[in-house]
Amino acid sequence: MPKGAEVTRFAPSPTGFLHIGGLFAAFVSERAAHTTGGVFYLRIEDTDKKREVENGVTGIVKGIRDFGIKIDEGMISETESTGDYAPYIQSKRAEIYRTYCKGLVEKGLAYPCFCTAEELQAVREEQEKNKENPGYYGKYAKCRNLTFEQIEEKIKNGEPYVVRLKSPGDENKRVSFEDGIKGKIEIPENILDVVLLKTDGIPTYHFAHAVDDHLMGTTYVIRGDEWISSIPIHLQLFEVLGFETPKYAHISPIMKEDEETHGKRKLSKRKDPEAAVSYYHEVGYPNKAVLEYLFTIANSNYEQWRLDNPDLHMGEFKFEFSHMSKAGALFDLVKLTDISKTYISKLNTDEVFEQVMAWAKEYNKDFYETLIKDPDYSKSIFAIERGNEKPRKDIAKWEDTPEYTRYFFERPEKYEFPENLSNDDMIQILEEYKKVYNHNDISDDWFPKVRDMSEALGYAKAPKFYKKNPEQYKGHVGDVSSVIRVAATGRRNTPDLYQILQVLGKDEVMTRFDLAINKLKED
RNA sequence: AGCGGUAUCGUCUAGUGGUUAGGACGGGAGAUUCUCAUUCUCCAAACAGGGGUUCAAUUCCCCUUACCGCCGCCA
């Protein structure tokens with residue numbers, strides 16, 4: 001590996017649920033590794049059996065991969081991994097932790113503790129009453145000074161126990177470390193005899209973190225900032241284990257404004273659908289757009305870079321911790337929408353079609369069937385005004401497309417005809433237009449024809465003429481084309497009408513005009 | 001309670017011991033346009049409060065406040 005290369009990792013629990021904040025952390029870690037020529041790996045922290053979900057690894061691997069985040073080593077599926085430091089799943093590493101733990105006990109740096117949950121609870125209550133700091137330490141650490149004989153006997157009696165660190169900390173001393181994002185942080189030393197190995201022999205996060213990140217060669221630990229408070233524990237663990245400490249960078253969580261309190265709060269798995277990465281997939285925000293958005297909150301100079309380099313791949317942007325925000329950003333769906341619209345507007349027709357199909361296949365089967373029936377026709381819809389110098393920005397997510405394209409697949413049931421014209425006027429316009437309509441007209445000839453016809457029927461050729469002398473006209477060309485537009489699509493607002501008529505095809509256009517005329521006659 | 005962290009337009013942020021405090025999203029107005037969407041122009045919009053230090057503080061220091069974390073055999 002090149003000099004300065006960082007080894008980073010993403011280490012989630014196998015809940016199958018990928019939080020947007022988790023994706024963010026994974027993304028930042030991946031950038032940190034790959035912009036330095038290093039390695040990014042995936043480790044699964046399944047030390048809490050209660051959290052586990054069947055096939056939970058798959059969901060996470062897929063979630064990350066879908067976003068184009070490359071995992072170099074570690075878990076690559078539910079059971080498989082690649083890389084030199086396997087196993088990458090903590091439940092399979094029990095022996096390793098036990099060995100290190102045993103070493104600590106032998107050196108007198110850790111000890112078994114037989115306290116029950118009830119006893120610990122009682123201690124906590126007492127501490128609370130005395131307004132002391134809670135925790136297992138000092139005089140409250142009852143098992144700290146058990147004799148060898150006492151321990152032996154309890155074990156022989158089959159009493160369950162955990163292994164605790166015999167913390168060498170001094171509450172009057174402080175430790176300091178340099179955080180990659182937050183800068184220098186100083187905190188009192190850890191004095192808690194934290195649990196290393198739980199009753200079931202599985203390590204706690206703290207212990208597993210120290211052992212694994214050491215063994216797996218992590219150089220830069222990137223994780224949520226809720227871990228900052230645990231830093232003294234971790235530093236102490238590295239010290240007693242005789243390991244070199246990695247660098248740390250603590251990321252602020254992605255927040256959301258709470259409707260009730262108006263305060264900030266973390267995006268919540270339970271309350272906020274947009275907390276789940278799968279949400280973006282479901283509604284069809286392109287992965288690249290989501291990543292692009294994440295990048296704007298990861299590095300504050302990214303937006304300017306994007307403005308300066310609209311066509312470069314985002315991988316070319318140089319990610320740096322120094323440009324990361326110290327505070328937690330509020331998640332802004334509106335901004336995501338804007339980024340997504342811009343992104344989609346730049347895709348070519350085939351790309352759009354491909355992505356729409358991929359989305360529809362999974363989340364809107366009917367629409368998928370509709371599109372697949374005649375792929376060329378479907379593509380021609382998405383081709384409308386695409387590739388222009390100033391492309392339209394009206395699709396934010398694939399979920400928008402069924403409604404956006406509906407009138408191409410269904411004849412109008414309702415017509416939003418303009419109110420300022422009488423039915424007879426509109427019938428006249430349509431009848432007349434049927435006569436002059438030539439499906440083979442090119443785009444440049446098409447609109448002048450509508451203008452000429454408007455004039456012949458007593459409408460102003462252009463809105464400005466009408467505005468000058470409204471009493472001279474029945475309306476203007478806008479009213480006329482409106483009638484044609486509504487007759488063809490049912491809607492008042494659509495993209496370029498010429499292109500729409502071209503896509504619909506001559507026969508269909510004529511049929512729709514007739515249907516509209518009949519409808520107007522009925523009313 | 002204690003221990004940490006954070007604080008610039010509504011949002012994401014840039015920035016500096018002396019600036020008309022900059023940009024992006026969103027909002028408003030106008031222009032372009034057959035509608036809509038684009039595009040373009042313009043506008044409104046911020047240094048949490050109080051003390052210091054200094055000729056000068058949004059910037060440095062302290063306090064307060066607010067918000068966020070953490071205090072588990074969860075991670």
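Residue numbers begin at 1 in each chain, while the letters A, B, ... track the order of the sequences.
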Considering only atom [atom1], compute the distance from [N] to [M] and round it to an integer number of Å.
{"N": "U11(B)", "M": "C42(B)", "atom1": "C1'", "answer": "22 Å"}
{"N": "U6(B)", "M": "U59(B)", "atom1": "P", "answer": "16 Å"}
{"N": "U20(B)", "M": "U58(B)", "atom1": "P", "answer": "14 Å"}
{"N": "G17(B)", "M": "C43(B)", "atom1": "C1'", "answer": "32 Å"}
{"N": "A1(B)", "M": "G69(B)", "atom1": "P", "answer": "16 Å"}

Any side-chain N or O of [X] less than 4.0 Å from the OP1 or OP2 oxygen of [N]?
{"X": "Lys198(A)", "N": "C74(B)", "result": "yes"}
{"X": "Ser325(A)", "N": "U13(B)", "result": "yes"}
{"X": "Ser300(A)", "N": "C12(B)", "result": "no"}
{"X": "Arg174(A)", "N": "G4(B)", "result": "yes"}
{"X": "Lys341(A)", "N": "U38(B)", "result": "no"}

Could you state the atom-to-atom distance from [atom1] of [X] to [atom2] of [N] in whole Å?
{"X": "His206(A)", "N": "C74(B)", "atom1": "NE2", "atom2": "C1'", "result": "9 Å"}
{"X": "Glu125(A)", "N": "A1(B)", "atom1": "CD", "atom2": "P", "result": "20 Å"}
{"X": "Lys182(A)", "N": "U6(B)", "atom1": "NZ", "atom2": "P", "result": "6 Å"}
{"X": "Lys335(A)", "N": "G10(B)", "atom1": "NZ", "atom2": "P", "result": "15 Å"}
{"X": "Ile187(A)", "N": "G5(B)", "atom1": "CD1", "atom2": "P", "result": "7 Å"}
{"X": "Glu186(A)", "N": "G4(B)", "atom1": "CD", "atom2": "P", "result": "8 Å"}
{"X": "Asp225(A)", "N": "A7(B)", "atom1": "CG", "atom2": "P", "result": "13 Å"}
{"X": "Leu294(A)", "N": "U11(B)", "atom1": "CG", "atom2": "P", "result": "20 Å"}

For [X], report the nucleic acid contact type (base, sugar-phosphate, nothing); a contact means any heavy atom under 4.0 Å.
{"X": "Arg451(A)", "result": "sugar-phosphate"}
{"X": "Lys393(A)", "result": "sugar-phosphate"}
{"X": "Pro12(A)", "result": "nothing"}
{"X": "Ser252(A)", "result": "nothing"}
{"X": "Asp496(A)", "result": "base"}

Nearest-0.5 Å distance that lies between atom CZ in Phe317(A) and atom CG in Asn301(A): 4.0 Å
- prompt: Aromatic ring centroids of Tyr293(A) and Phe331(A) under 6.0 Å?
  reply: yes
- request: Answer with yes or no after comparing the ring centroid distance for Phe27(A) and Phe295(A) against a 6.0 Å cut-off, counting only values under it.
  value: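 Under 6.0 Å, so yes.
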- request: Would you check if Phe447(A) stacks with the base of C34(B), given a 5.5 Å centroid limit and a 30° plane limit, both strict?
  value: yes
Nucleotide of [options] approaching [X] most closely (side-chain heavy atoms):
{"X": "Leu120(A)", "options": "C73(B), C34(B), G69(B)", "result": "C73(B)"}
{"X": "Leu307(A)", "options": "A24(B), A37(B), C12(B)", "result": "A24(B)"}
{"X": "Glu226(A)", "options": "C68(B), A75(B), C34(B)", "result": "A75(B)"}
{"X": "Ala329(A)", "options": "A37(B), U13(B), G5(B)", "result": "U13(B)"}
{"X": "Ser13(A)", "options": "U35(B), A24(B), A75(B)", "result": "A75(B)"}
{"X": "Glu303(A)", "options": "G2(B), A24(B), G72(B)", "result": "A24(B)"}
{"X": "Val334(A)", "options": "C71(B), U35(B), C25(B)", "result": "C25(B)"}
{"X": "Arg485(A)", "options": "A37(B), C12(B), C34(B)", "result": "C34(B)"}

Searching all strands shown, indicate the nucleotide that pairs with [N] (Watson-Crick or G-U wobble; both distances under 3.5 Å).
{"N": "U53(B)", "value": "none"}
{"N": "A24(B)", "value": "U11(B)"}
{"N": "A75(B)", "value": "none"}
{"N": "C3(B)", "value": "G69(B)"}
{"N": "U58(B)", "value": "none"}
{"N": "A31(B)", "value": "U39(B)"}

message: Under a 4.0 Å threshold between the charged nitrogen and the carboxylate oxygen, would Asp272(A) count as salt-bridged to Arg265(A)?
response: yes
query: Is the shortest side-chain N to carboxylate O distance from Lys335(A) to Asp338(A) below 4.0 Å?
result: no
field: Presence of donor-acceptor pair under 3.5 Å, side chain of Arg265(A) and base of C68(B)
entry: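 No, no donor-acceptor pair under 3.5 Å.
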- prompt: What about Thr199(A): does its side chain form a donor-acceptor pair under 3.5 Å with the base of C73(B)?
  reply: yes
field: Quiz item: cation-pi between Lys269(A) and Phe17(A), 6.0 Å / 45°
entry: yes
query: Which pair of non-hydrogen atoms, one from Cys143(A) and one from Pro112(A), has the smallest distance, and what is that distance?
result: CB-O, 3.8 Å
query: Taking the inter-plane angle between the rings of Phe417(A) and Tyr415(A) on a 0 to 90° scale, is it parallel (under 30°), tilted (30 to 60°) or perpendicular (over 60°)?
result: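 Answer is parallel, since the angle falls under 30°.
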message: With nearest nucleotide decided by heavy atoms, which residue, Asp46(A) or Asn493(A), maps closer to the 5′ end of RNA chain B?
response: Asn493(A)
message: Quick check: on RNA chain B, is the nucleotide nearest Lys50(A) upstream (toward 5') of the one nearest Asp332(A), or the reverse? Name the residue that is more 5'.
response: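 The 5'-side residue here is Asp332(A).
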- request: Kindly indicate, with the supporting measurements, whether the criterion side-chain hydrogen bond (donor to acceptor under 3.5 Å, both in side chains) is fulfilled by Tyr459(A) and Asp479(A).
  value: CA-CA 8 Å; Tyr459(A) 297 84; Asp479(A) 298 316; over 6 Å; no
